[in-house]
**Student:** 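Just passing along the structure, written as C-alpha cells.
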Amino acid sequence: MTNISFPTTRMRRLRYNPVLRNLVRENFFSPDRLILPLFVRTGVGIRQPIPSMPDQFQLSLDEFVKEVEEAVSLGLGGLILFGIPEKKDAIGSDAMNDNGIIAQAVRAAKSIAKGRLLIISDVCFCEYTEHGHCGVLCENSYGQQDVDNDATLENLVRQVIVQARAGVDMVAPSGMIDGMVGRIRHGLDAEGFNHIPIMSYSVKYASAFYGPFREAAESSPKAGNRRSYQMDPAASAYQALREIQLDINEGADIIMIKPALAYLDIIKLAKEHFNGIPIATYNVSGEYSMIKAAAEKGWLDENAIVWESLTAMSRAGASIILTYWAKNIAKLF
Ligand code: PBG
C-alpha cells in the first residue's frame, strides 16, 4: 500500500456515537421479514415440547390458533406450517386429503390471519410417509431404495392443490425433486390458483443441521438418507446457481437457501448473480438448538447471538428469514 491515508482517513469517525452508527447501517431485518415455522398435529389441548428445540412445540389445532393470533399481533411476515398426521403411509396420503392435518391447519390459520400475515405451507412428503422419505419410493439400479422423481411430482401437485383449496397464501416446495417448481406452477394455474406464489427451497443441502427438526416433525428416514435428492455440501458452490436458475425458469417467485449460517457464501453468491428475485434463507433447527444449548449453559448471550446471526444472513443477501426465533425477535422491536 503506497497510499497511507491515516490520519486523514479515520474509520472510527463514523463509529463515534450510536446515532452515527445507525445512520450508516445498511443491513436490517424487521418482524415483517421473518417467517416462523410451526408444527401442527392432530388432537386437542396438545402443546408438546420438542426436547431438542427448547421453547418449540408440536401443537394441536386449538393451541396452534393461539400462536397464529400472537404472530399476527407481533407483526410477523408469515408462518410456515408443517403437519404431523395421525396416520402415515407409503405415499403420504394425509397430505393429499382435504381433511388432512395441513389442510385443517391452513383453514384455521387463514380464518384468523385474514391476510394480515402469510400462511405458507411446506410442500413435501417426509412428515407424511411411514418411511420418512420426501416422496414415492422406488428401487434404483443397485437394488437400493430411492425416491422416484417423476411419480413424486404427480403427488406434489395433488398436495399443493389441497393446500391451495384450503386457502394457503404461498407454497414452499422443499423436497429437491427435479422439476417440482414447474409442475407445481402448472398445477396451480390449471386449477385457478395463478395468484399463489412459490417460494422454492431452491438450494437445500443434505445437512446434519436438520436433526432436531426431524425429531420435531417425526420425519427421519427409517432407512438410508436424503443424499440422492438434497445437495452435497461438498459440491461446487456454483451448483447452487444452476439450481436457482432452473427454479427461476420454472416459475419460482422467491428462492430459498438452506441451511443459513454454514451457507452464507451461497447466499452471497446467489445475491451477486440474481438480482430482482427475493432471496430467503432458513435458519434451521440445528442452528437454533446449538445456540439454545449454549445459552442454557450461560455460555452465550442468546439475544445478542441471534441478532448477530440474523444480521449476517441479511448482510449476505437474504431479505427474508425463516427462523424459530421470529417471535422473540419481534418482541425486541
Ligand atoms: C422437509 C423439510 C426439512 C426441513 C424443512 N423442510 C427437513 C429435511 O429435509 O429433512 C428442515 C428444517 C429445519 O431443520 O429446521 N419437509
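First listed ligand is number 1; within each ligand, the first listed atom is number 1. Here, residue 1 is the first one in the sequence, and each next residue gets the next number.
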**Student:** Indicate the ring-plane relationship of Tyr324 and Tyr282, choosing parallel, tilted or perpendicular according to the 30° and 60° boundaries.
**Tutor:** tilted
**Student:** Check whether any side-chain heavy atom of Phe274 lies under 4.5 Å from a side-chain heavy atom of Ile248, and answer yes or no.
**Tutor:** yes
**Student:** On the six-membered ring of Tyr210, is Lys204 placed so that its NZ or CZ lies under 6.0 angstrom from the centre and within 45° of the ring axis?
**Tutor:** yes
**Student:** If we set the cut-off at 4.0 Å for heavy atoms, which region of Tyr288 has an atom near ligand 1: side chain, backbone, both, or neither?
**Tutor:** neither
**Student:** Phe82 near ligand 1, heavy-atom distance under 4.0 Å?
**Tutor:** yes
**Student:** Could you identify the single nearest non-hydrogen protein atom to atom 10 (O) of ligand 1 and state the distance to 0.1 Å?
**Tutor:** Arg214 NE, 2.6 Å
**Student:** With a heavy-atom distance limit of 4.0 Å, tell me whether Ser285 approaches ligand 1 through its side chain, its backbone, both, or neither.
**Tutor:** both
**Student:** May I ask you to list the atoms of ligand 1 that are less than 4.0 angstrom from any heavy atom of Glu127?
**Tutor:** 16 (N)
**Student:** Within a distance under 4.0 Å of any heavy atom of Gln230, pick out the atoms of ligand 1 and give their elements.
**Tutor:** 8 (C), 9 (O)
**Student:** Can you list the atoms of ligand 1 that are under 4.0 Å from a heavy atom of Lys204?
**Tutor:** 1 (C), 2 (C), 3 (C), 6 (N), 8 (C), 9 (O)
**Student:** May I ask you to check whether Asp122 and Tyr201 show a side-chain donor-acceptor distance below 3.5 Å?
**Tutor:** yes
**Student:** Could you check whether Asp55 pairs with Lys292 (Lys NZ or Arg NE/NH1/NH2 to Asp/Glu carboxylate O, under 4.0 Å)?
**Tutor:** yes
**Student:** What is the nearest protein non-hydrogen atom to atom 12 (C) of ligand 1, stated with its residue, atom name and distance?
**Tutor:** Phe213 CD1, 3.4 Å
**Student:** To the nearest 0.1 Å, how far is atom 5 (C) of ligand 1 from its closest protein heavy atom, and which atom is that?
**Tutor:** Lys258 NZ, 2.7 Å
**Student:** What orientation do Phe213 and Phe82 show, parallel under 30°, tilted 30 to 60°, or perpendicular over 60°?
**Tutor:** perpendicular
**Student:** Could you tell me which atoms of ligand 1, counted from 1 in the order shown, lie closer than 4.0 angstrom to a heavy atom of Cys126?
**Tutor:** 1 (C), 16 (N)
**Student:** Check the angle between the aromatic planes of Tyr128 and Phe125 and answer parallel, tilted or perpendicular using the 30° and 60° thresholds.
**Tutor:** perpendicular
**Student:** Answer yes if the ring centres of Tyr263 and Tyr205 are under 6.0 angstrom apart, and no otherwise.
**Tutor:** yes
**Student:** Look at atom 15 (O) of ligand 1 and find which of Tyr210, Tyr324, Phe209 reaches it with the closest heavy atom.
**Tutor:** Tyr324
